[in-house]
Structures are given as structure tokens and as C-alpha cells.
Amino acid sequence: MSVPENITLIVDGEENVVTTGTTGADLFGDRRDVVVVRVDGELKDLDQPIPAGAEVEPVTIASADGLNVLRHSAAHVMAQAVQQLRPDAKLGIGPYITDGFYFDFDVEEPFTPEDLKQLEKSMLKIVNSNQKFRRRAVSEDEARAEMAEEPYKLELIGLKGASDEAGEGADVEVGGAELTIYDNVDARSGDVVWKDLCRGPHLPNTKLISNAYALTRSAAAYWRGSEKNKQLQRIYGTAWPTKDDLKAYQERLAEAERRDHRKLGSELDLFSFPDELGSGLPVFHPKGGIIRKAMEDYSRQRHTEAGYEFVYTPHITKGHLYEVSGHLDWYRDGMFPPMHVDAELNEDGTVRKPGQDYYLKPMNCPMHTLIYRSRGRSYRELPLRLFEFGSVYRYEKSGVIHGLTRVRGMTQDDAHIYCTREQMKDELTGTLNFVLGLLKDYGLDDFYLELSTKDPEKFVGSDELWEEATRTLAEVAEASGLELVPDPGGAAFYGPKISVQAKDAIGRTWQMSTIQLDFNTPERFGIEFQAPDGTRQRPVMIHRALFGSVERFMAVLTEHYAGAFPAWLAPVQVVAIPVAETFNDYLFDVVDRLKAEGIRAEVDISSDRFPKKIRTASKDKVPFVLIAGGEDAEAGAVSFRFRDGSQDNGVPVDEAVRRIVEAVRSRAK
RNA sequence: GCCUCCUUAGCUCAGUCGGUAGAGCGUCUCACUCGUAAUGAGAAGGUCGCCGGUUCGAUUCCGGCAGGAGGCUCCA
């Protein structure tokens with residue numbers, strides 16, 4: 001019988017003397033929002049004794065860590081419900097993720113939407129029964145014995161200590177220093193009703209999950225993330241501290257759905273994907289065409305100003321080019337299969353002339369490099385900046401094609417810069433600034449950078465070259481003052497890259513521009529320039545795309561603006577609506593003046609009633625609605641109605657034209 | 001590519017327990033001419049994604065293919 005001794009803890013920065021065995025619950029038991037504690041930086045269950053001298057902080061349910069714990073515990077409750085419904089279900093992993101959680105199961109029959117509804121109900125029963133989560137350290141043998149019926153858990157036990165290899169999410173099960181099992185203990189009987197091999201920590205009890213959770217979808221997922229493995233059935237869910245938080249989250253999803261470019265694209269008549277063309281091959285309708293043309297025209301203007309030269313290359317080429325570039329080695333699966341042409345056979349079927357393979361081009365760089373190589377180059381020409389809206393075709397796997405963001409035929413705003421090694425840093429800096437400035441002009445202005453570095457499994461070129469290039473990119477990125485996130489192993493085989501990640505109007509991030517160094521292509525194509533000292537030297541090559549693909553960028557802008565494009569990009573910039581037919585001619589005069597200034601303006605002379613015309617213009621998200629009735633006509637004025645519903649009435653026509661022209665020319669948002 | 005689900009009028013969606021279909025919006029016509037998000041009436045529009053099978057008969061059941069959605073894997 002040991003007598004309790006006093007120990008000292010640092011609680012929330014202040015020293016506290018408590019007895020040994022004091023737990024987080026003892027310290028913070030009166031605060032219902034505290035779900036776990038951070039002990040010397042590590043999250044621990046509330047019922048765990050805290051060692052002497054430790055620094056302890058409370059972690060509330062609404063904090064980032066607290067939300068993760070809540071969601072992880074919700075995943076356990078879901079798994080318990082699943083094993084009630086399907087006793088044969090074998091457990092995979094069940095981690096928290098952004099905004100929610102999932103759990104993988106090996107089951108005979110996939111889950112149906114009805115199953116999800118029923119599971120939500122049984123989860124509520126479990127939540128309300130107020131089970132305790134109880135942590136228990138076990139030896140490996142004990143774990144194997146207890147998890148004998150769970151083959152996937154046994155596999156994870158075998159992988160303990162190598163959780164990096166176990167697959168994403170596996171560290172929540174076996175990532176800790178010791179193996180632990182969490183029992184779910186019934187509040188009344190004290191019986192263990194369910195258990196799972198898990199690192200924890202967990203909520204003290206299920207009650208805290210309340211009714212602020214939802215199961216969102218089911219889908220298949222490969223065990224341990226490899227397509228070589230069996231597919232398990234995954235159920236996704238979300239959980240929040242309060243029902244209001246859950247509703248706010250669901251509203252966020254609804255908002256994203258309203259902005260979906262696929263939906264807006266057909267509502268606003270911008271583009272479509274005719275089945276007749278094949279998956280991932282979009283066509284742009286006149287209204288989408290205007291937006292695209294405005295985007296491209298402005299891009300061309302800026303590239304001209306920044307010293308780029310324009311080139312044009314074909315969409316198809318003999319295969320040899322991609323043998324030289326290495327694309328057929330590295331990316332053959334991602335290319336459309338070749339067309340074999342020009343073969344001639346003898347009557348007996350033997351080959352008289354072997355013919356050739358032609359490929360649709362998946363990248364523009366080899367062709368730009370041929371332009372470089374078309375004649376000898378002098379150092380005086382460098383940096384040589386070749387730009388093209390280059391259409392490329394990639395055989396994306398059918399399951400990954402998605403609207404305009406992942407297609408099989410797209411147009412890159414692609415440039416390749418050839419420069420000396422000494423010019424490389426200035427050129428990269430200039431390019432990054434150019435890219436960021438231009439993105440801002442299109443309305444994106446919240447960025448961070450990602451630095452993708454060498455994949456040790458997949459690269460060409462010397463280590464020294466990679467080191468120099470990576471260091472240069474890092475210096476350039478840091479000089480920009482933007483946040484820089486490392487992406488180890490994310491580089492393409494031929495060189496490291498910086499990518500610009502942009503946040504949109506509702507806080508989602510999109511990978512936009514990339515600036516990439518390439519050591520492979522200059523080498524493979526043997527390109528050179530003559531230096532001041534007369535020697536021949538190899539240039540450095542920089543790939544950069546700003547939109548990435550024009551199609552994808554248009555999708556991002558559509559979602560960013562929710563279809564309400566700034567006036568300079570809007571397909572129709574002005575709709576003039578007469579209060580009655582009598583004023584048609586008056587508005588035609590106004591519209592003619594706008595058209596003379598290059599403004600896309602029209603008069604709504606349909607037989608609809610006035611309010612209906614307002615509604616139509618509003619649904620079309622037209623930036624400026626000009627209205628004229630008797631009062632306006634007499635005053636030589638028009639009335640503005642803006643997209644937010646606000647009005648500015650009785651504006652003199654000269655003034656109105658001036659305002660609209662100014663908004664368009666300045667590319668105002 | 002893999003898993004689950006889906007495909008009915010231009011769009012959004014009903015419907016047929018196997019007997020070839022219906023609404024709203026949009027379109028067209030006529031009437032109405034109205035001051036800030038839906039005037040009324042009428043009409044047109046579909047071999048129910050495509051191909052095959054079962055059946056007296058298939059939009060409905062079965063199979064294949066194509067396209068789509070959500071995931072997984074992938075994304076130069």
C-alpha cells in the first residue's frame with residue numbers, strides 16, 4: 001500500500017502540487033469541453049495518470065487536436081455499429097481526416113445508402129448509452145490473441161514500428177511506442193461491449209459525440225493504399241462539437257456544390273462534354289469561348305510584355321521524339337497508344353516497309369527544344385523564352401477524369417525558358433514574380449508555395465545538379481516572402497519544381513502554376529549555345545505553366561467567382577432592360593455606344609415582362625444591368641442594377657458608359 | 001484501371017410490380033407592355049444512353065459496351 005505522494009505538475013504554465021496518480025480528469029473534470037490533455041506535447045486520455053514534472057495543457061473539443069480526437073472516437077462508434085449490423089465485417093483502419101473520419105471494412109456485400117442510415121441510428125444508441133473509452137496496454141502476444149478474428153489488425157501488429165510502410169492512416173492504430181487496445185465499456189454494466197487495436201487517444205465517453213455527426217458516403221479503398229491489395233469498403237463520416245457546427249459544415253459543402261464548374265458550365269452555357277467525342281474531351285460554347293479568349297488574350301499581352309516569343313507546334317509526332325525525350329520510358333501508360341501508319345505489306349503478308357508509330361503529344365517541351373535546336377544559338381539570345389498555348393493529350397485513366405480539372409485533351413499555357421546557369425536564379429525569380437502578378441490579375445491573390453524535391457526512386461541527373469537546382473528554387477521561393485511548404489519526393493524525374501497553391505473564395509486550395517527545372521531534356525537533345533569565350537555550353541531549361549491548363553484554370557475561376565465573373569471576363573457584360581417596349585430604341589442607342597467601346601452589351605427585347613427580364617439577367621450573372629423607363633429617358637440617363645441587387649438610378653448615359661468601360665479596362669473584380 | 005451507384009424531353013426530375021411515358025423550367029406561337037428575381041393561354045419536343053439476350057410483348061428483367069457521380073490508385 002503506497003501512500004500517495006505529492007508531485008509537481010506544470011498546468012497551463014503554472015506549477016501545481018498534486019498527488020501521484022492525478023489524471024487530466026482530476027485537473028479539468030469540471031470543464032466539459034476538455035476532451036484530452038497534452039502532456040509534454042503528447043495527447044493523452046483524461047483518465048491517464050500524469051507523470052511528475054510534466055507540463056499539462058487542456059485540449060478542448062473545438063480545437064484542432066480536439067476535433068481529431070472527436071472524429072477518431074466517432075469512427076470507433078461507427079465501427080462498433082457496423083459490426084452490430086454485419087458481424088462478419090473485418091476491421092481495417094479508421095483514422096480522422098480533414099473535417100471527418102473514415103473506417104475501412106472487409107465485408108461480403110458493399111454498404112448501401114440504407115445501411116448508412118441504419119448505421120447512423122445505431123450510432124446514436126451507442127452515443128447515448130454513454131460508453132467509456134478505456135485504454136489498455138497489451139503485449140504483442142496479447143494483442144494477437146485478442147485480435148485473432150481481425151486479420152487486418154494482425155497484419156498491422158506485424159508492421160508495428162514500420163507504420164510508414166503500413167499505409168496512410170495506419171499510424172493511428174499502431175503508431176505509438178506500445179500496443180494498446182481501447183475497450184468500449186458500457187456505463188451501467190461495466191461490460192466491455194467492443195474493442196479495437198488503437199493508439200488513441202479518445203474522448204472520455206461516447207456521449208460527447210452527441211448528435212452532431214453524419215455518415216456521408218461509402219466507397220471502396222485499397223487496403224493499405226495499394227492497388228495491388230484487396231479493396232475494402234470504406235465509410236466516410238463527419239463529426240462536430242455541436243449540431244450547429246455540423247450544419248455549418250453541410251452548408252459549406254452545399255456552397256461548394258453550387259459553385260461546381262460542371263454545373264455552372266452547363267447552366268451558363270459555357271462548355272460541354274459531348275459523349276460522341278469521348279471522356280474528358282470538352283467543347284467550349286460561344287459564352288465559354290468568350291471567357292477563354294479573354295483569358296488567353298490578356299495572357300498573350302502580358303507574355304509579350306515580359307519578353308516571351310510565341311511559337312506553334314503540331315499535336316502529333318513520330319514516336320522517336322518521345323524516345324529521345326524519355327517520355328515513352330517514363331509516361332507511356334499516360335499517353336494515347338500510337339497510330340501505326342505508312343506500313344506496306346507484300347501479298348504474302350511479309351513486311352515490305354515497316355511504317356512508323358505516331359503519338360499525340362503529351363507535352364510541349366520536346367518540340368520547343370527542337371525549335372531551340374533548329375540553328376546554332378548564341379549566349380546573346382539567352383534567356384530564350386518560348387511560349388505556346390499548346391494542346392496536349394494524355395490518356396488519363398477513366399476513373400480520374402473530372403470536369404475541366406482532369407481531362408484527356410487540354411491546352412497548356414506552356415513556356416520553356418533556355419538560359420545559362422548563371423542566369424538561372426534571376427530568371428526563376430522573374431518568372432515567379434510574373435506568375436504571381438498575373439494570377440492576381442485574374443483574381444486569385446492568396447498563395448503559398450510548395451517545393452517538390454527529388455524522388456529517390458525516380459530521377460535522372462547528378463546529385464550535384466539536383467542540389468544546386470533545389471537550393472536555387474528554395475532561395476527564390478523564400479525571397480518571395482510567401483509560405484513555403486516542402487513536398488519531398490514530389491518532383492518529376494527530370495527536375496525539382498516550385499508550385500503556386502492558390503486559395504479560392506471559399507478557402508479551398510488549388511495547385512496552379514508550376515515552375516520546374518529540367519536537366520534531362522537539354523542533355524537528351526544535346527542542345528548548346530556558344531559562350532563569350534567561344535566554347536559550347538549546355539543551357540538550363542525551365543518549364544513553367546501559369547494556368548497549368550487553360551481548361552482547368554477556367555474551372556477554378558468559375559468556382560472561385562461562383563460563375564459571377566468580373567466584368568472583363570463576363571461573356572455578356574451589359575444587359576439593357578427597357579421598362580416597356582417603348583424604350584427599346586433609347587437603350588439600343590446606349591448599347592451601340594458601349595459596343596463602340598468594345599463592350600459586350602445587348603438589349604433584352606424578348607416578350608418577357610420587366611421583372612422576368614431582371615430575373616433572367618440576374619440568373620445569367622450579368623455584371624451590369626442597365627434599366628431605362630420614362631424617368632431615365634427624359635433625363636438622358638439609365639439606372640444601374642448590380643449583381644448584388646443594389647441600384648444606382650438616374651445615371652447620365654455618358655457617365656454610365658464611362659463607368660462600365662473603366663470597370664472592364666481596369667479588370668476590376 | 002478498380003469498387004459502388006446512376007443514365008427517361010435542351011435542363012431538373014416523376015413514372016411504368018413487363019403492355020412504347022408525365023411535370024416544372026427552357027424553346028416556339030398568340031395575347032399582354034408592366035420601374036428592379038417568374039403575365040396568361042396554346043404548341044412543339046422522347047425508338048426511356050447504345051448493342052444483344054429472355055419474353056407474345058422490354059424504357060422496365062439479364063448481359064455487354066459507352067457516358068456520368070462518389071471514392072481508391074494515379075496525375076509529367
Side-chain angles (χ1 to χ4, degrees), chain A residues 102 104 109-113 115 167-168 216-236 260 262-263 266-267 269 272-281 322 325-327 329-335 362-366 392 394-403 405-407 412 414 452 458 490-495 497 511 514 516 518 520-521 543 545 548-549 552 577-584 606-620 625-632 639-643 645-649:
Chain A
Y102 67 79
D104 289 341
E109 296 293 323
F111 297 102
T112 63
D115 289 338
E168 196 183 349
T216 47
R217 56 182 155 257
S218 63
Y222 297 105
W223 167 239
R224 292 177 55 206
S226 167
E227 62 184 324
K228 295 187 183 95
N229 292 339
K230 180 168 183 175
Q231 286 199 333
L232 305 182
Q233 294 300 313
R234 174 173 295 179
I235 302 179
Y236 285 92
D260 190 317
R262 295 166 299 181
K263 183 177 144 76
S266 75
E267 277 175 15
D269 196 14
S272 59
F273 298 87
D275 288 359
E276 291 80 350
L277 299 188
S279 190
L281 297 168
Y322 291 115
S325 69
H327 286 95
D329 287 340
W330 292 91
Y331 299 117
R332 183 185 290 272
D333 290 347
M335 291 168 65
M363 271 185 111
N364 300 301
C365 37
V392 298
R394 295 176 180 181
Y395 189 71
E396 301 286 4
K397 289 194 282 184
S398 61
V400 308
I401 290 166
H402 181 93
T405 59
R406 196 82 182 268
V407 291
Q412 295 181 310
D414 206 3
S452 301
K458 195 176 154 190
F493 73 91
Y494 50 74
K497 74 173 178 202
Q511 178 180 316
T514 57
Q516 194 152 10
D518 182 354
N520 181 55
T521 306
H543 301 238
S549 90
R552 183 167 180 279
I577 302 181
V579 163
E581 201 175 336
T582 338
F583 306 105
N584 283 1
S606 69
S607 61
D608 289 332
R609 290 178 76 216
F610 178 72
K612 179 61 186 297
K613 292 184 180 185
I614 300 281
R615 179 181 155 87
T616 304
S618 181
K619 290 194 78 170
D620 287 344
V625 174
L626 291 185
I627 293 161
E631 292 164 32
D632 296 292
S639 294
F640 277 91
R641 185 181 201 280
F642 302 102
R643 278 190 290 222
S646 65
Q647 302 174 30
D648 196 352
N649 295 334

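Residue numbers begin at 1 in each chain, while the letters A, B, ... track the order of the sequences.
- Proximity note for A:R615 (side chain, C-beta onward) versus B:G68, B:U36, B:A38: the nearest is B:A38.
- Remark: B:C75 base-pairs with no nucleotide in the shown strands. Criterion, Watson-Crick or G-U wobble with two distances under 3.5 Å.
- Across the strands present, B:C32 finds no partner; the criterion is a Watson-Crick or G-U wobble pair with both atom distances under 3.5 angstrom.
- Listed pair A:S266 / B:C11 fails the phosphate criterion, with no side-chain N or O lying under 4.0 Å from OP1 or OP2.
- Minimum atom distance to the side chain of A:A492 is reached by B:A76, of the listed B:C2, B:A76, B:G35.
- With hydrogens and angles ignored, no donor-acceptor pair under 3.5 angstrom links the side chain of A:D275 to the base of B:G68.
- Taking side-chain N and O atoms only, A:H402 has a distance below 4.0 Å to OP1 or OP2 of B:G70.
- OP1 or OP2 of B:G26 lies within a sub-4.0 Å distance of a side-chain N or O belonging to A:K612.
- Side chain of A:I627, nearest nucleotide from B:C32, B:A38, B:G35: B:G35.
- A donor-acceptor contact under 3.5 Å links the side chain of A:S639 to the base of B:G35.
- Within the nucleic acid shown, A:Y494 comes within 4.0 Å of sugar-phosphate atoms alone, with no base atom in reach, counting heavy atoms only.
- Phosphate proximity of B:C72 to A:Y236: present, with a side-chain N or O under 4.0 Å from OP1 or OP2.
- The nucleotide B:U47 finds no pairing partner, because no Watson-Crick or G-U wobble arrangement with both distances shorter than 3.5 Å includes it.
- The residue among A:S226 and A:R643 whose nearest nucleotide of RNA chain B is located toward the 5' end is A:R643.
- Closest approach of A:L281 and A:P274 over heavy atoms only: O-CD, 4.0 Å.
- Each of A:E581 and A:K497 has a nearest nucleotide on RNA chain B; the 5'-most of these lies closest to A:E581.
- Counting only heavy atoms from C-beta on, A:E227 has its side chain closest to B:G1 among B:G71, B:U36, B:G1.
- Side-chain atoms of A:R609 and base atoms of B:U39 include no donor and acceptor less than 3.5 Å apart.
- Residue-level contact check: A:P362 touches the bases, meaning some heavy atom is under 4.0 Å from a base atom.
- Under 3.5 Å, the side chain of A:Y222 and the base of B:G71 form no donor-acceptor pair of N or O atoms.
- Which of B:C3, B:A37, B:G70 sits closest to the side chain of A:S618 comes down to B:A37.
- One donor-acceptor pair, N or O on each side, does fall under 3.5 Å between the base of B:C74 and the side chain of A:R406.
- Base engagement by A:E631 is indicated by at least one non-hydrogen atom pair under 4.0 Å involving a base atom.
- Residue A:R217 is in sugar-phosphate contact alone, with no base atom involved, counting any heavy-atom pair closer than 4.0 Å across all strands shown.
- For B:U7, the paired nucleotide is B:A66, the pair qualifying as Watson-Crick or G-U wobble because both relevant distances are below 3.5 Å.
- The nucleotide B:C56 finds its pairing partner in B:G19, both defining distances of the Watson-Crick or G-U wobble pair being shorter than 3.5 Å.
- No engagement by A:G645 is indicated, since no non-hydrogen atom pair under 4.0 Å with the nucleic acid exists.
- The base of B:C75 is not paired with the side chain of A:E396 by any donor and acceptor separated by under 3.5 Å.
- Side-chain atoms of A:K397 come within donor-acceptor range of the base of B:U73, with a qualifying N/O pair under 3.5 Å.
- A parallel orientation is assigned to the rings of A:F640 and A:F642, their planes being inclined by less than 30° (bins at 30° and 60°).
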